[in-house]
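Before any comments, here is the structure.
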Amino acid sequence: MDNTVFDRIRSDISGNDVILYMKGTPVFPQCGFSAALVQVLSHLGVQFKGVDVLSDPGLRDGLKQFSNWPTFPQLYVKGELVGGCDIVREMYQSGELAGLLDEKGIAYTKAA
Amino acid sequence: MEIADRIRRKLTETFAPQQLVIVDASHRHAGHVGAAAAGETHFEVTIISDVFDGRTRVDRQRLVYAALAQELAERVHALALTTLTVDEAIKRGNSD
(Lines give C-alpha, C1' and ligand atoms only; values in the text may rest on other atoms or scores of the structure.)
Protein backbone atom coordinates (compact mmCIF):
# COMPACT_ATOMS: atom_id res chain seq x y z
CA MET A 1 0.00 0.00 0.00
CA ASP A 2 1.01 3.48 -0.90
CA ASN A 3 2.75 5.12 2.04
CA THR A 4 1.08 8.45 1.46
CA VAL A 5 -2.31 6.93 2.35
CA PHE A 6 -0.93 5.51 5.60
CA ASP A 7 0.71 8.87 6.36
CA ARG A 8 -2.57 10.61 5.83
CA ILE A 9 -4.39 8.17 8.13
CA ARG A 10 -1.73 8.59 10.82
CA SER A 11 -2.00 12.34 10.62
CA ASP A 12 -5.82 12.21 10.71
CA ILE A 13 -6.04 9.92 13.72
CA SER A 14 -3.40 11.83 15.67
CA GLY A 15 -4.89 15.21 14.77
CA ASN A 16 -8.47 14.31 15.76
CA ASP A 17 -9.33 12.93 19.18
CA VAL A 18 -12.40 11.17 17.84
CA ILE A 19 -12.63 10.29 14.16
CA LEU A 20 -15.20 8.08 12.48
CA TYR A 21 -14.39 6.52 9.13
CA MET A 22 -17.79 5.85 7.67
CA LYS A 23 -19.88 5.36 4.57
CA GLY A 24 -21.41 8.71 3.75
CA THR A 25 -21.27 11.77 5.99
CA PRO A 26 -22.62 12.32 9.51
CA VAL A 27 -25.51 14.28 7.99
CA PHE A 28 -26.15 11.80 5.17
CA PRO A 29 -24.90 8.35 6.21
CA GLN A 30 -25.03 5.83 3.34
CA CYS A 31 -25.14 2.71 5.48
CA GLY A 32 -27.17 1.66 8.50
CA PHE A 33 -24.13 0.64 10.53
CA SER A 34 -22.43 3.98 9.96
CA ALA A 35 -25.67 5.79 10.80
CA ALA A 36 -25.89 3.85 14.07
CA LEU A 37 -22.47 5.04 15.19
CA VAL A 38 -23.19 8.65 14.25
CA GLN A 39 -26.24 8.31 16.47
CA VAL A 40 -24.24 6.89 19.38
CA LEU A 41 -21.67 9.69 19.20
CA SER A 42 -24.42 12.29 18.88
CA HIS A 43 -26.28 10.88 21.88
CA LEU A 44 -23.12 11.10 23.94
CA GLY A 45 -22.58 14.63 22.71
CA VAL A 46 -18.99 14.01 21.74
CA GLN A 47 -17.40 16.08 19.00
CA PHE A 48 -16.01 13.97 16.18
CA LYS A 49 -14.73 14.21 12.67
CA GLY A 50 -16.56 12.08 10.12
CA VAL A 51 -14.66 10.92 7.05
CA ASP A 52 -16.52 9.44 4.08
CA VAL A 53 -14.63 6.45 2.70
CA LEU A 54 -17.04 6.00 -0.21
CA SER A 55 -15.78 9.20 -1.80
CA ASP A 56 -12.16 8.00 -1.60
CA PRO A 57 -11.51 4.39 -2.69
CA GLY A 58 -7.76 4.70 -1.99
CA LEU A 59 -8.44 5.72 1.59
CA ARG A 60 -11.04 2.98 1.96
CA ASP A 61 -8.59 0.25 0.89
CA GLY A 62 -5.74 1.84 2.84
CA LEU A 63 -7.75 1.86 6.06
CA LYS A 64 -8.66 -1.81 5.76
CA GLN A 65 -4.95 -2.59 5.74
CA PHE A 66 -3.87 0.05 8.23
CA SER A 67 -6.47 -1.01 10.78
CA ASN A 68 -6.31 -4.70 9.90
CA TRP A 69 -10.11 -4.44 9.86
CA PRO A 70 -12.11 -5.23 6.71
CA THR A 71 -15.34 -3.34 7.34
CA PHE A 72 -16.73 0.14 8.04
CA PRO A 73 -17.49 2.10 10.14
CA GLN A 74 -14.23 2.29 12.10
CA LEU A 75 -14.01 4.49 15.17
CA TYR A 76 -10.64 5.82 16.32
CA VAL A 77 -10.18 7.53 19.68
CA LYS A 78 -6.82 9.18 20.39
CA GLY A 79 -5.18 7.26 17.59
CA GLU A 80 -6.49 3.85 18.60
CA LEU A 81 -9.06 1.70 16.85
CA VAL A 82 -11.97 1.22 19.25
CA GLY A 83 -13.93 -0.94 16.85
CA GLY A 84 -16.80 -1.08 14.42
CA CYS A 85 -20.53 -0.92 14.89
CA ASP A 86 -21.03 -3.95 17.18
CA ILE A 87 -18.21 -3.13 19.57
CA VAL A 88 -18.94 0.58 19.89
CA ARG A 89 -22.67 0.04 20.34
CA GLU A 90 -22.06 -2.55 23.02
CA MET A 91 -19.57 -0.26 24.79
CA TYR A 92 -22.07 2.59 24.65
CA GLN A 93 -24.82 0.48 26.19
CA SER A 94 -22.58 -0.82 28.97
CA GLY A 95 -21.18 2.63 29.76
CA GLU A 96 -17.67 1.60 28.74
CA LEU A 97 -17.57 4.12 25.91
CA ALA A 98 -18.16 7.02 28.29
CA GLY A 99 -15.51 5.47 30.54
CA LEU A 100 -13.04 5.36 27.68
CA LEU A 101 -13.72 9.02 26.85
CA ASP A 102 -13.23 9.94 30.52
CA GLU A 103 -10.00 8.01 30.63
CA LYS A 104 -8.72 9.72 27.48
CA GLY A 105 -9.81 13.15 28.69
CA ILE A 106 -12.30 13.74 25.88
CA ALA A 107 -15.26 15.99 26.60
CA TYR A 108 -18.84 14.92 26.00
CA THR A 109 -22.05 16.55 27.11
CA LYS A 110 -24.26 13.69 28.24
CA ALA A 111 -24.42 13.38 32.02
CA ALA A 112 -23.27 9.98 33.21
CA MET B 1 -26.97 -21.78 2.11
CA GLU B 2 -23.58 -22.24 0.51
CA ILE B 3 -21.91 -19.24 2.14
CA ALA B 4 -23.58 -19.80 5.50
CA ASP B 5 -22.32 -23.40 5.43
CA ARG B 6 -18.79 -22.25 4.67
CA ILE B 7 -18.98 -19.72 7.51
CA ARG B 8 -20.20 -22.41 9.89
CA ARG B 9 -17.46 -24.82 8.87
CA LYS B 10 -14.64 -22.29 9.15
CA LEU B 11 -15.79 -20.83 12.46
CA THR B 12 -16.26 -24.31 13.90
CA GLU B 13 -12.72 -25.27 12.87
CA THR B 14 -11.17 -22.06 14.18
CA PHE B 15 -13.03 -21.53 17.44
CA ALA B 16 -14.42 -24.92 18.47
CA PRO B 17 -17.37 -22.89 19.77
CA GLN B 18 -19.57 -23.82 22.65
CA GLN B 19 -22.32 -22.15 20.73
CA LEU B 20 -22.47 -20.75 17.20
CA VAL B 21 -25.44 -18.89 15.78
CA ILE B 22 -25.42 -17.69 12.19
CA VAL B 23 -28.34 -15.61 10.97
CA ASP B 24 -28.61 -14.62 7.33
CA ALA B 25 -30.00 -11.09 7.54
CA SER B 26 -29.57 -10.36 3.84
CA HIS B 27 -33.28 -9.93 3.20
CA ARG B 28 -33.29 -6.92 5.53
CA HIS B 29 -30.70 -5.25 3.35
CA ALA B 30 -32.15 -6.13 -0.07
CA GLY B 31 -31.53 -3.33 -2.53
CA HIS B 32 -28.75 -1.76 -0.47
CA VAL B 33 -25.29 -1.22 -1.88
CA GLY B 34 -23.45 -4.52 -1.49
CA ALA B 35 -26.57 -6.67 -1.36
CA ALA B 36 -26.37 -9.31 -4.10
CA ALA B 37 -29.60 -10.48 -5.73
CA ALA B 38 -28.80 -14.03 -4.61
CA GLY B 39 -28.55 -12.95 -0.97
CA GLU B 40 -26.03 -14.29 1.56
CA THR B 41 -24.34 -10.90 1.89
CA HIS B 42 -25.31 -9.81 5.41
CA PHE B 43 -24.87 -12.09 8.40
CA GLU B 44 -25.27 -11.83 12.15
CA VAL B 45 -22.96 -14.21 13.94
CA THR B 46 -22.71 -15.04 17.63
CA ILE B 47 -19.73 -17.13 18.72
CA ILE B 48 -19.24 -18.39 22.24
CA SER B 49 -15.75 -19.78 22.58
CA ASP B 50 -12.94 -19.82 25.12
CA VAL B 51 -10.53 -18.94 22.30
CA PHE B 52 -11.62 -15.36 23.08
CA ASP B 53 -10.51 -15.58 26.68
CA GLY B 54 -8.07 -12.79 27.56
CA ARG B 55 -8.44 -11.03 24.20
CA THR B 56 -9.81 -7.54 23.57
CA ARG B 57 -12.96 -7.03 21.56
CA VAL B 58 -10.94 -5.73 18.63
CA ASP B 59 -8.62 -8.76 18.69
CA ARG B 60 -11.57 -11.15 18.86
CA GLN B 61 -13.21 -9.66 15.81
CA ARG B 62 -9.91 -9.60 13.93
CA LEU B 63 -9.67 -13.36 14.52
CA VAL B 64 -13.15 -13.83 13.07
CA TYR B 65 -12.42 -11.61 10.10
CA ALA B 66 -9.19 -13.51 9.44
CA ALA B 67 -11.01 -16.86 9.53
CA LEU B 68 -13.57 -15.55 7.03
CA ALA B 69 -11.24 -13.48 4.83
CA GLN B 70 -12.16 -15.41 1.71
CA GLU B 71 -15.91 -15.10 2.27
CA LEU B 72 -15.58 -11.37 3.02
CA ALA B 73 -13.59 -10.83 -0.16
CA GLU B 74 -15.95 -12.86 -2.35
CA ARG B 75 -19.39 -12.18 -1.17
CA VAL B 76 -20.07 -11.15 2.40
CA HIS B 77 -20.67 -7.43 2.71
CA ALA B 78 -21.48 -7.14 6.40
CA LEU B 79 -20.90 -9.27 9.49
CA ALA B 80 -22.49 -8.22 12.75
CA LEU B 81 -20.49 -10.02 15.42
CA THR B 82 -21.03 -10.96 19.03
CA THR B 83 -17.96 -12.69 20.44
CA LEU B 84 -18.15 -14.01 23.99
CA THR B 85 -16.25 -16.39 26.21
CA VAL B 86 -18.26 -19.09 27.94
CA ASP B 87 -18.09 -17.16 31.24
CA GLU B 88 -19.29 -13.94 29.65
CA ALA B 89 -22.16 -15.75 27.98
CA ILE B 90 -23.24 -17.30 31.26
CA LYS B 91 -23.14 -13.88 32.95
CA ARG B 92 -25.39 -12.53 30.24
CA GLY B 93 -27.72 -15.47 30.51
CA ASN B 94 -27.09 -16.17 26.84
CA SER B 95 -25.84 -19.70 27.05
CA ASP B 96 -28.09 -22.65 26.47
Side-chain angles (χ1 to χ4, degrees), chain A residues 1 13 18-25 28-37 39-40 52-57 60-61 63-100 103-104, chain B residues 3 7 10-11 14 20-23 25-36 40-49 52 55-85 87-89 91-94:
Chain A
M1 177 57 55
I13 63 176
V18 183
I19 183 165
L20 181 66
Y21 290 103
M22 60 179 289
K23 293 182 172 176
T25 64
F28 293 108
Q30 299 291 316
C31 154
F33 302 104
S34 290
L37 283 204
Q39 222 176 1
V40 161
D52 179 12
V53 298
L54 291 179
S55 64
D56 190 339
R60 183 177 176 182
D61 289 340
L63 267 165
K64 290 183 182 182
Q65 293 187 33
F66 181 89
S67 307
N68 186 18
W69 198 264
T71 58
F72 293 95
Q74 297 181 8
L75 178 70
Y76 274 87
V77 172
K78 289 269 184 189
E80 254 176 63
L81 178 67
V82 177
C85 188
D86 314 310
I87 291 180
V88 176
R89 224 168 6 185
E90 191 182 314
M91 288 176 73
Y92 171 65
Q93 283 159 1
S94 68
E96 281 168 273
L97 188 59
L100 176 75
E103 185 190 309
K104 302 281 185 187
Chain B
I3 299 283
I7 291 175
K10 290 191 176 173
L11 294 180
T14 309
L20 175 61
V21 179
I22 299 171
V23 176
S26 306
H27 61 281
R28 284 198 256 121
H29 300 269
H32 290 190
V33 178
E40 296 207 287
T41 51
H42 292 66
F43 289 92
E44 295 166 3
V45 176
T46 302
I47 308 169
I48 298 175
S49 164
F52 298 131
R55 295 181 193 269
T56 65
R57 287 188 175 87
V58 166
D59 284 343
R60 293 175 184 191
Q61 294 207 5
R62 279 191 180 128
L63 288 177
V64 179
Y65 288 140
L68 301 179
Q70 198 190 343
E71 287 69 24
L72 280 160
E74 284 176 16
R75 175 75 165 267
V76 175
H77 174 72
L79 264 187
L81 294 174
T82 305
T83 51
L84 300 170
T85 64
D87 275 356
E88 289 166 351
K91 276 183 200 131
R92 284 189 181 204
N94 256 353

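Every value quoted in this text rests on a predicted model; they were computed, and no experiment measured them. Both backbone and side-chain heavy atoms feed into the values below; hydrogens, waters and symmetry mates do not. Numbered from 1 within each chain, the chains take letters A, B, ... in sequence-line order.
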Chain B contact via A/F33 - side chain, backbone, both or neither, heavy atoms under 4.5 Å: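 The side chain, not the backbone.
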
Side chain of B/R62, backbone of A/W69: donor and acceptor closer than 3.5 Å?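 Pair absent, no side-chain N/O of B/R62 close to backbone of A/W69.
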
Expected contact set for residues 90-99 of chain A against chain B at heavy-atom separation under 4.5 Å reads A/E90, A/M91, A/E96

Determine which residues belonging to residues 78-88 of chain A lie within contact range of chain B, meaning some heavy atom pair is under 4.5 Å apart, and list them by number or answer 'none'.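 Residues A/L81, A/V82, A/G83, A/D86, A/I87 are the ones that qualify, each having a heavy atom under 4.5 Å from chain B.
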
Is B/A69 close to chain A through its backbone or its side chain, or both, or neither, when contacts mean heavy atoms under 4.5 Å?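 Contact with chain A: none, neither part.
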
Contacting region of B/L81 [heavy-atom separation from chain A under 4.5 Å]: both

Of the options B/L72, B/V76, B/L68, B/L79, which is the one that meets A/P70 in a side-chain contact (heavy atoms from CB on, under 4.5 Å)?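 With A/P70 as partner, B/L72, B/V76, B/L68, B/L79 yield a single side-chain contact (heavy atoms from CB on, under 4.5 Å), made by B/L72.
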
Got a second to check how far A/N68's CG is from B/Y65's OH, nearest 0.5 Å?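 OH of B/Y65 is found 11.0 Å from CG of A/N68.
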
